[in-house]
Amino acid sequence: EILGQEFSKYGYKVTKMKLGKFIMTIGSLFDKRAKRALPEIGHERLFDNSLSTQELGIKYRNIKESLIEMGYSFIKCGVIPDKTQNQQKK
């Protein structure tokens, strides 16, 4: 949702589809990264950053800001085509 809200105005279509374990299992036959990800499917990872914020004073970005910045970084690095240049917001 976050990426769609930010990038649809430039004509990007952000999919909301989730890959299931079956599809990942098939993909793992051809891609080592997919094979490494298989054990993580269905497991939620929780992290506590309170020690680093309290002891070191680190301030983390929220997920919305991080995802939007990642999207623009993908565009800047050429991972996805740049539709933002010279284009009116839709």
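Computed from a predicted structure; not experimentally measured.
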Give the C-alpha distance, both sets of side-chain angles, the deciding distance and a yes or no for side-chain contact (heavy atoms from CB on, under 4.5 Å) between K83 and F7.
CA-CA 9 Å; K83 297 181 180 182; F7 293 99; over 6 Å; no

Kindly indicate whether the side chain of I80, heavy atoms from C-beta on, has any atom under 4.5 Å from the side chain of Y12.
yes

Excluding sequence neighbours, so at least two apart, what forms side chain to side chain donor-acceptor pair (under 3.5 Å) with R33?
D31

Side chain to side chain contact (heavy atoms under 4.5 Å, CB included) against K64, all qualifying residues, sequence neighbours excluded:
I2, N62, I68

ring-ring contact (aromatic ring centres under 6.0 Å, His included) filter on F74, not counting sequence neighbours, yields none

Partner residues of E40 under the salt bridge (Lys or Arg N to Asp or Glu O under 4.0 Å) criterion, sequence neighbours left out:
R45

By side chain to side chain contact (heavy atoms under 4.5 Å, CB included), which residues pair with E1, not counting sequence neighbours?
Q5, K16

What distance separates I23 CD1 from T25 OG1, expressed to the nearest 0.5 Å?
9.0 Å

Set of side chain to side chain contact (heavy atoms under 4.5 Å, CB included) partners for M24, sequence neighbours left out:
L19, A34, A37, L38, I41

Tell me, which pairs form a ring-ring contact (aromatic ring centres under 6.0 Å, His included) where one or both residues lie in residues 17-49, sequence neighbours left out?
none

Hits for side chain to side chain donor-acceptor pair (under 3.5 Å) against S50, two or more places apart or cross-chain, chain-then-number order -> D48

Just to verify, what does E69 make a side chain to side chain contact (heavy atoms under 4.5 Å, CB included) with, not counting sequence neighbours?
R61

By the rule that ILVMFWY residues connect when side-chain heavy atoms come within less than 4.5 angstrom, directly or transitively, which residues belong alongside L56?
I58, Y60

